[in-house]
Each structure stands twice: as structure tokens, then as C-alpha cells.
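For the numbers below, each heavy atom of this structure counts, side chains included, while hydrogens, waters and symmetry mates do not.
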There are 2 protein chains.
Amino acid sequence: MAERPPIEARGGGPSGDAVDTPGARSRDRDHAAEVRRALLAGDDAPRRSFDDGATVRPAGQPRNAVFVIEAGWLYSARILPDGRRQLLEVWLPGQIVGLGEHGLQRPLSALYALGPTELHEISWERLRERMCASGELSDQVAMLIAHERLMFEERLTSLGRRDAAERLGHFLLEMHHRLRPSANRFRLPVTQAFLADMLGLTSVHVSRMLSQLRDEGLVDMNDQGVHLLDIDTLRRACDFDPGYLAVDPVCNDAD
Amino acid sequence: MAERPPIEARGGGPSGDAVDTPGARSRDRDHAAEVRRALLAGDDAPRRSFDDGATVRPAGQPRNAVFVIEAGWLYSARILPDGRRQLLEVWLPGQIVGLGEHGLQRPLSALYALGPTELHEISWERLRERMCASGELSDQVAMLIAHERLMFEERLTSLGRRDAAERLGHFLLEMHHRLRPSANRFRLPVTQAFLADMLGLTSVHVSRMLSQLRDEGLVDMNDQGVHLLDIDTLRRACDFDPGYLAVDPVCNDAD
DNA sequence: CGGCATGTTGACCATATTCAATTGAAGTGG
DNA sequence: CCACTTCAATTGAATATGGTCAACATGCCG
């Protein structure tokens with residue numbers, strides 16, 4: 001068993017933007033940027049600020065807007081009645097948050113600020129209006145939703161079939177890829193409890209696994225600073241293939 | 001707790017289709033049916049048959065079609081290089097499979113037949129053509145993709161934060177809801193190993209947990225026949241809320 | 001009949017959780 | 001400046017949940 005295709009199954013690098021099967025659109029174009037421009041055109045979208053930890057959008061309430069992140073990070077989470085929580089996604093500057101609730105009356109997941117944030121708020125009314133006006137916009141929105149789905153596909157695989165160390169390594173590689181720092185260091189402003197709720201673990205075990213990764217010379221993480229010591233080994237160990245990551249339009253400061 | 005709306009959620013189900021926040025679309029219309037009609041109009045879509053277990057679409061190959069299920073079930077799966085596999089979704093008759101790969105050159109997940117199946121194949125070329133022609137179609141496709149994403153959101157929560165028994169109960173309730181049998185019995189033509197790969201467990205443990213659920217008087221499952229003995233208790237125990245399930249257009253035989 | 005796939009059960013083991021104690025850093029208020 | 005609190009992280013010990021290995025039963029099908 002076990003085929004052995006991926007790990008670099010592309011043309012060259014994470015986005016061999018050369019070949020394009022006819023009729024198939026490349027994910028390499030920055031759809032988010034185009035959608036952002038379309039949604040913000042007119043420049044009258046209200047701006048909103050949130051403090052660290054603030055609830056940007058509660059769960060269960062009628063959904064009525066999407067957000068374009070101007071600065072800061074967000075995360076989405078699903079809370080169970082007994083308090084357990086599963087974090088679903090981390091959202092970075094430039095991303096459009098909330099498209100995935102298209103067609104849903106009330107989101108099941110809540111949205112919180114990860115650090116102080118600046119957002120543009122675009123009402124669904126306005127969004128619909130612009131989508132009706134532009135088939136291309138509709139299409140790009142569909143692709144962005146498909147990309148959110150694809151991220152979940154990968155995370156589902158992590159939670160279902162990867163052990164704690166693999167999940168951690170995989171997630172850190174993912175964030176590294178999304179943030180595109182110049183070096184192998186980047187800031188990840190989250191606690192270990194956050195990582196735990198993201199990866200289906202406990203904070204205690206996250207602490208242990210990070211120590212282990214450090215001992216193995218793979219990752220050094222302290223005080224929200226991540227240093228990937230041996231990316232190639234880590235990628236192999238975690239079965240990380242960035243093929244599922246679209247270009248995330250993020251401007252970021254390394255270290 | 002535990003609402004009690006659906007089970008016949010068509011006319012006035014989980015979301016009293018009377019009220020509709022302006023600009024917000026209800027998920028209660030059967031978008032899948034409308035998209036199906038649009039894609040199959042002309043009736044020249046090639047039909048394809050697959051035997052049980054056949055690969056409908058391999059992973060890693062250029063994606064070039066979506067499928068409308070005429071009869072039989074499909075499932076999608078992600079396979080890790082070392083053979084571990086995570087099943088992602090079960091697809092039922094009437095569903096359109098492959099929309100979630102919109103914008104992606106090569107799907108990471110493979111698609112297999114669960115029992116003998118009959119499909120209509122619609123090329124992406126054709127799909128794009130019709131989406132360009134109809135903004136409404138684009139929009140409905142976006143909603144269907146959003147729904148796939150929503151299913152993942154729920155399953156992610158299961159894998160991350162629910163224990164084995166809860167995952168099993170939750171999944172069975174979900175299938176019960178999607179299949180809409182007349183009674184509390186339905187056929188689920190999968191093995192315990194299948195359930196295991198779906199829920200991030202081992203087949204041995206699935207066996208044990210099913211025995212436990214039987215002992216508790218909650219679920220009786222044998223030879224692919226599921227009997228939900230105490231739905232209300234089960235729902236409460238598993239935190240199952242069908243709100244995330246759109247109306248799945250499925251015709252099914254109970255028992 | 002024999003082979004294969006599936007499910008069940010037991011014994012043992014591993015991974016991860018729970019509980020608890022400790023440390024260090026950061027913030028508050030006297 | 002110094003208690004005092006709070007929160008995050010670390011570590012150890014005990015525990016639990018689920019995994020591994022293996023044996024066996026059953027049903028199906030050639």
C-alpha cells in the first residue's frame with residue numbers, strides 16, 4: 001500500500017504557475033486581493049477596532065457582515081455547551097472573513113480578535129449586490145470559500161490521523177508558509193492553550209511536545225517566537241505539503 | 001435542552017422559512033436540486049458507472065470534472081504517504097461532488113465508490129460555462145461549497161474535542177438526519193474500519209464503542225443496519241444539533 | 001472445503017489527559 | 001519599591017482513553 005506521489009508533486013515549488021490546464025483556473029492568482037478591492041471600492045466600508053480577545057462576531061446570532069482584516073489577527077472557534085472548544089482557523093491581515101457562512105442564517109462558530117485588530121465591515125447586503133453585478137466576483141468568492149474548505153480538509157487529516165508532535169509541526173509549518181517571513185523565524189502571538197484548542201490537545205501536552213521538538217532540534221518556540229531549526233526534516237516528519245495553501249496575502253515582520 | 005425541529009425540515013423545519021433577514025438567503029431552498037437541474041439540462045452529460053470500491057477520481061491528478069450522483073454513494077479520502085487515511089465525506093444520491101475543488105488544480109483527496117454507483121460527469125469546462133451564463137448558478141455553487149465547508153467545521157469539532165463514543169453517535173445522527181428514513185432505522189453500508197477512518201479511531205475501538213452504545217440502549221448497529229434506540233438521549237449525549245445540515249436531497253429506503 | 005473479509009474480545013501498551021505543585025513574567029495597588 | 005495577584009509555562013506522578021497485537025468467530029464466496 002501507500003502510494004508515494006506528493007511532497008513536491010507540483011511543477012516546481014508550491015505554485016508552479018506555469019502550467020494551467022485549459023478551463024481550470026489557477027489558485028495562484030491572488031483572488032483575495034481582487035475580492036478585497038471589489039468590496040472596498042468606494043471606500044465607505046465602516047471600520048471597526050477590537051481589543052485583544054474581543055468577540056468580533058458571536059456564534060448563533062444572525063450573520064450580517066463579512067470582515068476584511070486591515071491589521072491584526074482573528075480566529076474562529078466552535079464552543080461546546082460544556083466548555084470544550086475547538087479553534088477552527090486563524091485569519092491574517094488581508095483575508096476576508098465570513099464568506100464561508102454564505103447561505104447560512106446563523107454561524108455556528110464565533111470570531112475573536114487575536115490581539116488588537118482593525119477591520120473593514122462589509123454587509124452581506126452590499127456583498128450580494130456586488131456579486132450580482134459581477135460574475136467574476138462571485139466566482140472568486142466561490143474560490144475563496146473553496147480554499148477555506150481545503151484548509152479544513154488538511155486540518156481534519158491532522159486531527160484524525162496525525163499524532164501530537166506531527167500536528168504541532170504541521171501547524172507551525174503552515175503558519176510559517178502563510179506568513180512568509182524572510183527567515184525561519186516568525187512571531188506567533190498565541191498561547192500554548194490556544195495551540196491545544198486548535199489541534200485537539202491539552203496545553204500541558206503541547207508544552208511537552210514543544211520541549212520534545214526542541215530536544216530533537218526541529219523547532220524552538222518560546223514566548224510566541226517560533227524558530228524552525230530544520231525545515232526539511234520537519235516537513236518530512238509531519239508530511240507537510242504546502243500544496244493546499246493558497247497565497248495568503250500577508251505582510252509580516254519576521255522575528 | 002435539545003431542540004426538536006427537523007426530521008421533516010422541508011416545509012417549516014429548522015429555520016422557519018418565513019422570516020428572512022433582508023439580504024440573507026435561507027439555506028432551506030434546495031440549492032443542490034437547482035444546480036443539478038442547471039448542470040444536467042441538455043441531458044448530454046456522460047454517465048459513468050463504478051463498482052464498489054472503484055476509484056472515481058484519484059488524488060493528485062489534474063481535476064477536470066464534477067459528478068452528480070444518480071445512484072449509490074461515494075466517499076472522499078485523504079491518504080498519507082505511510083498508509084494512514086482520513087475519510088473526509090460521504091456523498092449521497094443527488095449531491096454534486098467536486099465543487100469544493102473549485103480553483104484547485106489537483107485535488108488532494110481521492111474519491112471512491114461506496115457500493116456500485118451511477119454518476120453523471122460534468123466537465124469543469126461546461127460548469128464554468130454555465131456559471132458564467134448565470135450569476136444565480138454561481139451563487140448557488142458558492143453556497144454548496146460553503147455547505148461542504150460547514151460540514152467540515154462540525155467534523156473538525158468532533159475529531160478535536162469529542163471522545164470516541166460521542167464521535168460515533170454524532171456521526172450516526174448526522175447520517176440519520178441526512179438520509180431521512182421514515183423510522184429510526186437506516187442502512188449504512190460501511191464497515192467499522194470505514195467508520196474508524198472517518199472518525200480518527202481504529203476499527204477495534206469502533207467495535208468496542210458500538211458495543212458500549214448498545215449496552216447503554218442508545219444505538220444498535222449490526223451488519224450495516226443502524227437502529228437509533230433513544231434519539232433524544234443520544235442527541236444530548238453527543239451535542240448533536242442538526243443546524244449545520246442543509247437539506248440533503250436524498251431518496252432513501254429505510255431499514 | 002478453504003480463503004478472505006469483517007467483527008469481537010482479551011491482554012498489554014502508548015499516547016495523551018488529569019491533577020497538582022512550581023516557576024517566572026507581567027500587572028496592580030498600596 | 002514591594003507585596004500580591006494572575007496568567008502562562010513547565011514538570012512529575014497517576015490515570016484514562018484509545019491503540020496494538022493476537023486469537024477466534026462468523027459469514028460469504030469461489
Side-chain angles (χ1 to χ4, degrees), chain A residues 1 51-53 80 82-87 114-116 158-172 187-216 219-227 237-238, chain B residues 51-53 80 82-87 112 114-116 158-172 187-216 219-227 237-238:
Chain A
M1 61 172 65
D51 293 333
D52 180 33
L80 300 191
D82 65 355
R84 287 178 287 184
R85 60 179 212 161
Q86 177 61 46
L87 307 193
L114 193 51
S158 267
L159 295 203
R161 287 302 181 218
R162 290 196 253 256
D163 67 24
E166 289 173 318
R167 285 181 220 178
L168 260 170
H170 197 279
F171 180 75
L172 294 179
R187 250 182 56 76
L188 188 65
V190 305
T191 65
Q192 294 184 353
F194 183 99
L195 293 174
D197 283 339
M198 190 95 208
L199 302 175
L201 302 166
T202 59
S203 61
V204 174
H205 205 233
V206 166
S207 174
R208 285 193 232 274
M209 290 298 104
L210 284 175
S211 300
Q212 180 185 307
L213 288 174
R214 189 175 307 123
D215 294 345
E216 292 172 344
V219 177
D220 191 10
M221 177 172 187
N222 42 30
D223 193 32
Q224 312 189 338
V226 180
H227 187 188
C238 302
Chain B
D51 294 332
D52 180 33
L80 301 191
D82 65 356
R84 287 178 286 185
R85 60 177 211 162
Q86 177 61 47
L87 306 194
Y112 304 99
L114 193 50
S158 267
L159 294 202
R161 287 300 180 220
R162 290 197 252 255
D163 66 24
E166 289 173 317
R167 284 181 219 178
L168 260 171
H170 197 278
F171 181 74
L172 294 179
R187 251 182 56 75
L188 188 64
V190 305
T191 65
Q192 293 185 352
F194 183 99
L195 293 174
D197 282 340
M198 190 94 209
L199 302 174
L201 302 166
T202 59
S203 60
V204 175
H205 203 54
V206 167
S207 175
R208 284 194 235 272
M209 291 298 104
L210 284 175
S211 300
Q212 180 185 307
L213 289 174
R214 189 175 306 124
D215 294 344
E216 292 172 343
V219 177
D220 190 10
M221 178 171 187
N222 42 29
D223 193 32
Q224 312 189 338
V226 180
H227 188 188
C238 302

Open item on the list: Using the side-chain hydrogen bond (donor to acceptor under 3.5 Å, both in side chains) criterion, which residues pair with B:R214? Sequence neighbours excluded.
Closed with: B:D220

- [ ] Sequence neighbours left out, what passes side chain to side chain contact (heavy atoms under 4.5 Å, CB included) with B:A237? Give chain and number order.
- [x] none

Open item on the list: Quick check on DNA chain C: between A:A165 and B:V190, whose nearest nucleotide comes earlier from the 5' end?
Closed with: B:V190

Could you list, one pair per line, each protein nitrogen or oxygen that sits under 3.5 Å from a nitrogen or oxygen of nucleotides 11-15 of chain C, together with the distance?
from	atom 1	to	atom 2	distance (Å)
C:dA11	N6	B:R208	NH2	3.2

TODO: Kindly write out the residues that satisfy side-chain hydrogen bond (donor to acceptor under 3.5 Å, both in side chains) with A:D82, not counting sequence neighbours, or none if the list is empty.
DONE: A:R84

Open item on the list: Using whole Å, what does the distance between atom P of nucleotide C:dA16 and atom CG of A:L210 come to?
Closed with: 13 Å

Task: Nucleotide of D:dA9, C:dT8, D:dG19 approaching B:L201 most closely (side-chain heavy atoms) - done: D:dG19

- [ ] Could you tell me which residues satisfy side-chain hydrogen bond (donor to acceptor under 3.5 Å, both in side chains) with B:E216, sequence neighbours excluded, listed by chain and number?
- [x] B:Q212

Task: By side-chain hydrogen bond (donor to acceptor under 3.5 Å, both in side chains) - contacts of B:R162 (at least two apart) - done: B:E154, B:S158, B:H170, B:D239

- [ ] Return each pair, listed once, that meets side-chain hydrogen bond (donor to acceptor under 3.5 Å, both in side chains) where at least one residue sits in residues 201-211 of chain A; pairs must be two or more places apart or across chains.
- [x] none

TODO: Please state how far atom CD in B:Q224 lies from atom P in C:dA5, giving the value in whole angstrom units.
DONE: 15 Å

- [ ] Could you tell me the separation between the CD atom of B:Q212 and the C1' atom of C:dT9, rounded to a whole number of Å?
- [x] 15 Å

Task: Gap between atoms CG and P, on A:D52 and D:dA8 respectively (whole Å) - done: 10 Å

- [ ] Name the residue closer to the 5' end of DNA chain D, choosing between A:R161 and A:M221 according to the nucleotide with the nearest heavy atom.
- [x] A:M221

TODO: Walk me through it: do A:M198 and A:V190 pass the test side chain to side chain contact (heavy atoms under 4.5 Å, CB included)?
DONE: CA-CA 11 Å; A:M198 190 95 208; A:V190 305; over 6 Å; no

- [ ] Nearest whole angstrom, please: distance from the P of C:dG24 to the CG of A:N222.
- [x] 16 Å

Open item on the list: For the helix from C:dC1-D:dG30 to C:dG30-D:dC1, what angle separates the axis at the start from the axis at the finish, each from five pairs, in steps of 10°?
Closed with: 30°

Open item on the list: So A:Q86 and A:L80, do their side chains get closer than 4.5 Å, heavy atoms only?
Closed with: no

Task: Residues forming a ring pair (Phe, Tyr, Trp, His ring centres under 6.0 Å) with B:F171, sequence neighbours excluded - done: none

Open item on the list: Please determine whether a side-chain nitrogen or oxygen atom of B:S211 lies at a distance below 4.0 Å from atom OP1 or OP2 of C:dT9.
Closed with: yes

Task: Atom pair distance, as rounded to whole Å: CG in B:L195 and P in D:dG18 - done: 15 Å

Open item on the list: Nearest whole Å is fine: how far is D:dT11 P from A:Q192 CD?
Closed with: 10 Å

Open item on the list: Out of the candidates B:V206, B:L195, B:D163, only one should pair with B:L201 under the side-chain contact (heavy atoms from CB on, under 4.5 Å) rule; please name it.
Closed with: B:V206

Task: Value in whole Å for how far the P atom of D:dG18 lies from CG of B:L159 - done: 12 Å

Open item on the list: Could you check whether any side-chain heavy atom of B:N222 comes within less than 4.5 Å of a side-chain heavy atom of B:H227, counting everything from C-beta outward?
Closed with: no

Task: Any B:S207 side-chain nitrogen or oxygen under 4.0 Å from OP1 or OP2 of C:dT8 - done: yes

Task: Non-neighbouring partners of B:V226 that pass side chain to side chain contact (heavy atoms under 4.5 Å, CB included), sequence neighbours left out - done: B:L172, B:F186, B:L188, B:V219, B:M221, B:L228

For nucleotides 27-30 of chain D, which of its nitrogen or oxygen atoms have a protein nitrogen or oxygen under 3.5 Å away, and what is each distance?
none

